[in-house]
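Reading through the structure tokens given below for one structure.
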Amino acid sequence: MLKVFNVIGVIVLLLLLRKLIWCLRWLWCWKHDRETPPPIGWLPSRDGGRFDAHVQKFDGED
């Protein structure tokens with residue numbers, strides 16, 4: 001059981017590290033007046049595209 005918690009902890013730490021690297025890259029680009037990278041979600045497969053498509057579909061039905 002403890003091994004499961006360790007694996008979950010490592011996965012969470014890797015996801016946080018991914019977000020931290022993105023934040024540092026964004027700050028570097030912003031400071032040097034370069035184009036900032038597009039936002040990323042906390043989870044790799046969740047970029048908000050599904051929600052945006054849903055909102056556009058809903059707006060088009062009016």
Side-chain angles (χ1 to χ4, degrees):
M1 187 68 163
L2 188 59
K3 188 174 184 176
V4 172
F5 287 120
N6 285 340
V7 170
I8 291 172
V10 168
I11 291 171
V12 168
L13 285 175
L14 289 174
L15 290 172
L16 288 172
L17 180 64
R18 174 180 173 262
K19 188 69 168 183
L20 176 65
I21 290 169
W22 177 86
C23 289
L24 292 173
R25 182 176 170 223
W26 190 93
L27 284 171
W28 187 84
C29 289
W30 177 74
K31 179 156 176 67
H32 294 344
D33 292 327
R34 296 188 180 175
E35 185 177 349
T36 56
I40 62 170
W42 289 99
L43 299 174
S45 63
R46 304 290 177 155
D47 63 352
R50 181 181 290 175
F51 179 74
D52 290 339
H54 177 72
V55 169
Q56 289 175 355
K57 179 181 173 188
F58 184 74
D59 287 343
E61 292 178 355
D62 290 342

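Within the 4.5 Å cutoff, the side chain of L17 has no heavy atoms near those of the L13 side chain. No side-chain heavy atom of P39 sits under 4.5 Å from any side-chain heavy atom of W26.
Heavy atoms of other residues, nucleotides or ligands lying less than 6.0 angstrom from CH2 of W30 number 12 at most.
Residue W22 holds its CH2 atom at 8.5 Å from CG of L27, rounded to the nearest 0.5 Å.
Between R25 and P37, the shortest heavy-atom contact is NH1-CB, 3.6 Å. When every heavy atom of K19 is checked against every heavy atom of I40, the shortest pair comes out as NZ-O, 2.7 Å.
Under the 4.5 Å side-chain heavy-atom criterion for grouping Ile, Leu, Val, Met, Phe, Trp and Tyr, I21 is not connected to V12 through any hydrophobic cluster.
Residue L14 forms a side-chain contact (heavy atoms from CB on, under 4.5 Å) with just one option from I11, V10, L16, and that option is V10.
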